[in-house]
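Here is the naming used below: chain letters follow the sequence lines, and residue numbers restart at 1 for every chain.
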2 protein chains.
Amino acid sequence: MELNERMKTILTAVVHRYITTAEPVSSGIIAQKYNLNLSTATIRHEMYLLEKNDYLWQPHTSSGRIPTDRGYRFYVDNLMVKNYLKEKEKREIIQIYKKSKEFEETMRITSQLLSNLTNNIGVVLAPVIYNNIVKNIQFVSVGNNRILTVIVTDTGLVCQKIISVSGEINTDRLSYLSNFINSKLAEKDINITNLNNILMDELDKIISFQEKFNYIHNFLEECFEIGYSENKVYLDGRINIMKHPEFKEIDKLNYILSLIEEENILAATIRGYLGFRKTKIIIGKESKLKEMQNCSLVTSEYRIKGKSAGAIGILGPTRMDYPRMVSIAEYISDKLSEILSEF
Amino acid sequence: MELNERMKTILTAVVHRYITTAEPVSSGIIAQKYNLNLSTATIRHEMYLLEKNDYLWQPHTSSGRIPTDRGYRFYVDNLMVKNYLKEKEKREIIQIYKKSKEFEETMRITSQLLSNLTNNIGVVLAPVIYNNIVKNIQFVSVGNNRILTVIVTDTGLVCQKIISVSGEINTDRLSYLSNFINSKLAEKDINITNLNNILMDELDKIISFQEKFNYIHNFLEECFEIGYSENKVYLDGRINIMKHPEFKEIDKLNYILSLIEEENILAATIRGYLGFRKTKIIIGKESKLKEMQNCSLVTSEYRIKGKSAGAIGILGPTRMDYPRMVSIAEYISDKLSEILSEF
DNA sequence: TTTAGCACTCTCCCTATGAGAGTGCTAAAT
DNA sequence: ATTTAGCACTCTCATAGGGAGAGTGCTAAA
């Protein structure tokens, strides 16, 4: 069924009203607060039709209406008007970002910003690096048979990992290795994902007659695992969700808290929605995760030097101010892209 | 007032019973489950005295008794019997630790172990390094005018920080710097706290006529800030606390959740209790933090190569199984000390 | 000093009741 | 053909009352 203009207006009104009050919306309130010049009876009738088509629902027979997931979806796709941030807010955000010169801190600040601006949970996925081209590899001996491997990629990201080796690797051999590797890197664009295979092949050719230490193999294999490791998640604003009336009941709170506890699951979910469009909105049951039934997630991708790197997310109740969430997500992800590209 | 033996027995019984059931303990239950060969009336009388002395309290006139903070404190100091872990549990813990070869992962595993074993919140403070002696400093150029500074300490800890420099620092100059610094380090034991001052003095002597680049100063100052930075906190088991009936009411949950949200505050609190005794127990209002009113905290120090390094903590409701919490905290901190000393 | 007995208190659960909010439906008005 | 006024109906929520049950405090007897 196609919604007529009046139904769209009423659906929009219900969504807006419900987002601000968290109470079921009655026909009377709509007639009173949104000047549609219609009687409550007429509005009631339209609401009845909207309910029949699964855009609205009632908690009980004689109560007002609440948008369904489908109602929110229709609103988000067809009715909502972007609500750009005020200049003042933008300036404040820039100001806060200026405090940080470090990568880690920038990530932390981003998740804090998200949670503070939205009163929801802010999530930031650290940049993925497996598609980055390796510019440079260096080895630093840090004692006790441990080597710190430092990989620098084309987008300027630095990955570090400490590797324990069984035997002793002396400095000469390490610098020989790093010179060799870096000379190979200069010849072609190797990304972190296939770094391992390509370099191993090359190494095999020379190591076979140069020296027979197996542990160099193992050592390098460990080094190059860097790219595969799960990426860090920065999460802030857990208490924010307790402010929302929908989580007053301990069971619903439990659901969302268990979602947050398992940061990896949340991260994988967000990562799963990456690509295609910059910003995505996942509403309630649209997610396969049962813990997300009562939640919506707004994600937005960020880029480093034009290359897709990671994503930020806003997690809150389905009853969220979508226009504002989207504006914030997009503004923050743009700013983050800029900042990380400058590093 | 001095407690007589019978009062101690009854207090112990009340604590044990309340810890397992979370319900006010009646005189009847004590008479029935703990064979004291006393009538309920006698027990009732003793409980009345215990209440008068603030070891027990009643939620309302005609209900059973609950231990007060003071009651728990007396129990913990005088009555409780350590409850060592079973060999099987110890083996499982060792098994889990074996999976990890990395520092970060070891920390994460520790907080997970704490939360899983105790059904409470597990906290691990990363080692502090300001009192460590600096063995070695190395600089790695990572492009875009950024230098990765790596400091290795006597206890084998590795601190890293990426510094942005305004001008370009070439490789020769960097290696000159690091050679110079490391030669100075070899002469005396310098810990991270006074690293800055001592080295700056030395540098001033030579830099003044060698070269006049101010940014080297700034650069080094930034490098040596590593030691002062707040230490990381690893936290696990947030949902665990929702299982406890004392947090069924959303307000009390709010308190403790806000405590967890501010990891730094929790970390500072734990750090404040460090020293003197290996293991400490803080019960309810004994803490100055109002968020901790309904919680207890068990902390235990760990060491790296004999040197006090950090602490682990268990955070849960005041109604916790103290003997078990203490045993777990001590066992885990010992194991962690061993593992980190081997790194 | 300990205990049996009993009145008393408080919670918890169930039920009833009435007010209030909001709907669905129908018949009249536009 | 739409829209609206009117009204009966439904459901929630807050309040009060009453009875059962748990547990205490007190007193007098053992």
Of the candidate nucleotides [options], which contains the atom at the shortest distance from the side chain of [X]?
X       : options                : value
A:Arg44 : C:dG24, D:dT24, D:dC11 : C:dG24
B:Ser39 : D:dA5, C:dT2, C:dT3    : C:dT3
B:Ala41 : C:dT3, D:dC11, D:dG23  : C:dT3
A:Thr42 : C:dT23, D:dT3, D:dC11  : D:dT3
B:His60 : C:dT23, C:dC10, D:dT24 : C:dC10
A:Tyr48 : D:dT24, C:dG24, D:dC11 : C:dG24

Self-check item: Identified pairing partner of D:dC26, criterion: Watson-Crick or G-U wobble below 3.5 Å
Solution: C:dG5

It should be established whether [X] places a side-chain nitrogen or oxygen under 4.0 Å from OP1 or OP2 of nucleotide [N].
X       : N      : result
B:Arg65 : D:dG25 : yes
B:Thr61 : C:dC10 : yes
B:Ser26 : D:dG23 : yes

Quiz item: Ion pair present between A:Arg73 and A:Asp69, side-chain N to carboxylate O less than 4.0 angstrom?
Solution: no

Exercise. Could you tell me whether A:Arg6 and A:Glu46 make a salt bridge, using a distance below 4.0 angstrom between a side-chain N and a carboxylate O?
Key: yes

Self-check item: Whole angstrom value for the distance that separates P of D:dC26 from CD of B:Glu51
Solution: 11 Å

Practice problem: Mind checking B:Thr40 for me? I need base, sugar-phosphate or nothing, with any heavy atom below 4.0 Å counting as a touch. | Solution: nothing

Self-check item: Shortest non-hydrogen separation from A:Leu11 to A:Gly71 and the atoms involved
Solution: CD2-O, 4.1 Å

Quiz item: Given the rule in the ring-ring contact (aromatic ring centres under 6.0 Å, His included) test, do A:Tyr75 and A:His16 qualify, once you have shown the distances and angles that lead to the verdict?
Solution: CA-CA 10 Å; A:Tyr75 168 78; A:His16 285 171; 5.4 Å; yes

